Structures are given as C-alpha cells and as structure tokens.
Protein chains: 2
Amino acid sequence: MFESFEAGAKPGVTTGGRESYDERLNHILEAATNVIARVGYGHASMRAVAKAAQVSLAGMYHYFDSKEKMLFLIQFRTFNSLLQNLREKLHGVEEPVEQLRVMVRSHIGYFATDMAALKVCSHELDALTGSRYEDLRHLRHQYYELTRAIIERVFQSRAPGGGLDEHVATMALFGTLNWLYRWYRPGPDYSVNGLANQITRLFLTGIIGLKPAADGSASSAES
Amino acid sequence: MFESFEAGAKPGVTTGGRESYDERLNHILEAATNVIARVGYGHASMRAVAKAAQVSLAGMYHYFDSKEKMLFLIQFRTFNSLLQNLREKLHGVEEPVEQLRVMVRSHIGYFATDMAALKVCSHELDALTGSRYEDLRHLRHQYYELTRAIIERVFQSRAPGGGLDEHVATMALFGTLNWLYRWYRPGPDYSVNGLANQITRLFLTGIIGLKPAADGSASSAES
DNA sequence: CATCATATCGAACTATCGTTCGTAACAAAT
DNA sequence: ATTTGTTACGAACGATAGTTCGATATGATG
C-alpha cells in the first residue's frame, strides 16, 4: 500500500562520514521544514533550503528526487510520529473523557515540540499530488478515525442521544487544534498542559457548561 | 490609516464599454479568487488568472500594480464585507447567546455564499507583506474584537468566574470556523443553519453539556 | 476632425525556478 | 594500487515566473 519511504533507494551505510545517511537526510528535512514553515511551500526555493541546510543545491537531490518528494517525506514522517505518539499515550487509558484529554494534550504537546513540522502538515495539505497525496490522506484518515472513535465513546458514555453530529464535532476539534499554529506560542502564559486542559474542557462542556468533576485540572493554572 | 484601496488611482468612469471599471475589476478579482482557491497563491500564475478572467496578461496590470496587490484587493474586499455583514446582522440583537449564534451563522453563511474567497482569506494570510499585511491584520483584528466581545458577554451573563480564558475560547471558535473550508460543503446533508446551530451549541455547552432550551430563551446553566 | 485619456493586447525582458550533468573527493574492497 | 560505489558540488539547461514596453483601438471632448 505505502511505498516504503526510505528503504529501497537507501544506499549502504557510510561509516566514515561524521553523519550517517539517515542523519544527513534528517538534517536536510529539518532545515527544509523550517524554511517551508516560514515562507510557505510555494515560495520555498530549493536554493533557500540548500542554504539553510548548508548543502549544495545539487547535493540535496542525492536524498530525494524532487521538491515534492521532499515535502512528502516531511509530512509522512511527521504524521507517522504524531500517530505513533498518540497511540502510545493512549495505551492503558480506558476512560473516554480521559482518552480525549490525552488526545488533545498529545497533539498540543507535539505541536509545542515541533511547531514548524506541524504547521507544514496543517497548511500544505494540498501541495502533494497523485499517489503521494493519497498516501498522506490515508495517514490523516487514521488520525481522524482514532479521534472520532474517542469522541463517539464520550458521546455514548456521557450524552447518549445528544443529537450532535459526530463528524461535525470531530472536525470542530481538529479545526481548533490545527489552527493553533496561527496564534499559539508555548510559554509561561500558556503552557502545554494548561492549554490542553482548557481546550479539552471547552470541547467537553463549552463556554457555559459545567466544569467536569474529578481530574486535577485547575482552571487557571495547571499542575 | 488605510490606503483607499481603489480611490485615488481610480480612473474616470467609462460609460461606453459594456462593463464599468469596477465591474471589470470585480470580474478579474473573482476569477483570480477561484484560481488561487484552487491551486494556492504561490502556484497561481498571473497567466492562469488572465486566462480564467479572459483578459490578456498585460491587461490585468491596468487594474493593479502587482500580484500581491491583487491578493490584497481580494482579501480586503472579502474581509470588509464579512465585517459589514456581521455588523448588520448583529443590529438589534441584544442577548449575548443570540449574538453568538448570529455571529456563527453569519460566518458560515458568508462561507457558503463565497467559499473561494473565504478560503483565500483563511489560507493565504501570510502571503501579504509590509503595510498591506498590516492593513489586513487591522481588519482581522476588528473581526476578532467583535467576536471576543460577544464571547465575553456570554461569559458574564452565563458563566461568571468560569475560569476559561477568553482569548483561548475566541481562537478555538475561529479555528473551528476557519477550518470549515477543508471539509464543509453546503448541501442537504449539512445546511448552513443546521451547521451553525450545531457549532453554536457545541461551543456553548460542549459535547456532553446540556442542550440549551429552544432558542434565545434562557437556559439556566447554573447549579 | 483632431485631441486626449482610457482600455487592451502581443511581445519581450529579466529573474528565478526545479532539475540534470559531469566530475572530483573519499572510503572500503579487491 | 586499482577498482567501485557513495557523497558532494559547480555549472548550466529549459521552463516559467512577474513585470514592462510600445502600439493600437475606442469613446469622450474640444
């Protein structure tokens, strides 16, 4: 289904250089991520990426065939670790509301760790084409299904027959989370956990709803 | 404060042609909006816009100095009418919760009317530079302040001392609304009013909160 | 009719884009 | 030492980008 995004074309490991093949590729992709996050994929020239990565222009084409493949690698790796990250943190958590809190905190935490990568994944969704677009869509769909399943369990356990559309609710949450890159900068004002608690609570009970009981979620500050 | 975005450089009205200057400009901007919404500002070439508007490439530069100015005109006009639209619909509505409902319905309704324009305004926010960016930021800020004031009134009237951050709540709502262009297509499944009611309710009372009784009538959320 | 500003266009200019080619440096293997 | 495959780069290519220029057509004005 997926093309293996690095095996196959991957050359033998070079032990002599200071960096291995994978390390070098990561280094270039990281620089590319920052450039794309700053100026957008369309205006991010390969020359600018090469300069940021301190590699020659032609030298980059040793690691990927094209600019679009470069973007694909960035998005694929980011979405993969985002998904894997969420699955790990969800492990052992059974309570639906707590699963939702874990999901929100995981997403915001990942965003805080690598803002540039998540911005590229949120903002440049349509830049890929053909099979590369489909592969990414498949990954995104897994993330969507995981989240929607949590929301459905919250519905069933807390508000059966509530009348809210699960798809609308899920997309509303993704909208809130994917819009973070436009305004949220982690810092003392809004810590990751504090913001995650606020958004979770907002999504659960709204701006005039009751505060959910339990949970060590202090309203103004977090632990 | 603003540069008048059409006066000053506006030539005299030509009465002879089939279209006036303004009509012609609108026609070109409309075509440009559709192209940019489809392929993104970075990949939308002036040649593609010219072809879509059925104008020669050079002929477009009679209506604006540059590609960036073209994008500015699109965003400026869209945000202006979005803002004016909201102010009109808010006229005479006093109840905070109803004001919020009007705001959400107005935004979604505008989106349904001109999806391409609102997509361009949501997605190409950073493509402008310098004073043009500042002018747009000022407009967006007005829209933000208007919405935030409504949210604050809802807080005060329904959930005083609730502990939620107004800025977070406002940006969460904008995230939900600005993300619509990625998934929402108006139709029989989700009508504008239906979706607006769902999102308003979700924002007010969350996915497990109480359903607010009917419409503007007070739903006692205390206890 | 002559004049003038507006409106429009074909063609070309310059810059920059993504990409490729030929080649040199280097490490490991023969 | 020679071969081989990987890594890296300077230079250039063809395509396309935004923009400009000069000319033409047109309707209004005197």
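Note that the structure is predicted; figures quoted are calculated from it, not measured. In what follows, every chain begins at residue 1, and chains take the letters A, B, ... in the order their sequences are listed.
For B:His62 and C:dT8, the shortest distance from a side-chain N or O to OP1 or OP2 is not below 4.0 Å. Contact annotation: B:Arg24 does not reach the phosphate of C:dT6 (side-chain N/O to OP1 or OP2, under 4.0 Å). Dashed line: the shortest gap from a side-chain N or O of B:Ser45 to OP1 or OP2 of D:dT16 is not under 4.0 Å.
The side chain of B:Lys67 lies closest to D:dT19 when the candidates are D:dT19, D:dA12, C:dA7. Each of C:dT19, D:dT19, D:dA11 was ranked by its minimum atom distance to the side chain of A:Ala58; first place goes to D:dA11. Nearest nucleotide to the A:Tyr61 side chain, out of D:dT20, D:dA8, C:dT20: C:dT20. Comparing C:dT19, D:dC9, D:dG18 by their nearest atom to the side chain of A:Ser66 picks out C:dT19. Nearest nucleotide to the side chain of A:Ser56, out of C:dC9, C:dA7, D:dG10: D:dG10.
Residue-level contact check: A:Ala48 touches neither bases nor backbone, having no heavy atom under 4.0 Å from any strand. Note on B:Tyr63: only backbone sugar-phosphate atoms sit closer than 4.0 angstrom, heavy atoms only; bases stay farther off. Contact annotation for B:Ala50: no contact, since no heavy-atom pair falls under 4.0 Å across all strands. Residue contacts for B:Arg47: at a heavy-atom cut-off of 4.0 Å it reaches a base atom on one of the strands shown.
Between the side chain of B:Glu145 and the backbone N or O of B:Arg140, no donor-acceptor pair lies under 3.5 Å. In this structure a side-chain-to-backbone donor-acceptor pair under 3.5 Å is present from A:Tyr184 to A:Tyr190.
Contacts classified as salt bridge (charged side-chain N to carboxylate O under 4.0 Å, His left out) and involving residues 169-186 of chain A (residues at least two apart or in different chains) are given here: A:Arg182-B:Asp126.
The distance from atom NZ of B:Lys51 to atom P of D:dA17 is 11 Å, rounded to the nearest whole Å. Here C:dG10 presents its P atom at 13 Å from CD of B:Gln54, a figure rounded to the nearest Å. Here D:dC9 presents its P atom at 14 Å from CE of A:Met46, a figure rounded to the nearest Å. The CG-P distance, from B:Leu57 to D:dT20, rounds to 11 Å in whole Å. In this entry the distance linking CD1 of B:Ile36 with P of D:dG18 reads 10 Å, nearest Å. Whole-Å rounding puts the A:Glu68 CD to C:dC17 P distance at 18 Å. When rounded to the nearest whole Å, the span between CG of A:Leu25 and C1' of D:dA8 equals 15 Å. The separation between B:Phe64 atom CZ and D:dT20 atom C1' is 15 Å, rounded to whole Å.
Between A:Lys69 and A:Tyr61 the shortest side-chain heavy-atom distance does not fall below 4.5 Å.
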### From CA spacing to verdict: side chain to side chain donor-acceptor pair (under 3.5 Å), A:Thr147, A:Thr170
CA-CA 7 Å; A:Thr147 304; A:Thr170 308; over 6 Å; no
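Residues forming a side-chain hydrogen bond (donor to acceptor under 3.5 Å, both in side chains) with A:Glu88 (at least two apart in sequence, or on another chain): A:Gln84.
Residue order along DNA chain D, read from the 5' end via each residue's closest nucleotide, puts B:His43 first among B:Asp65 and B:His43.
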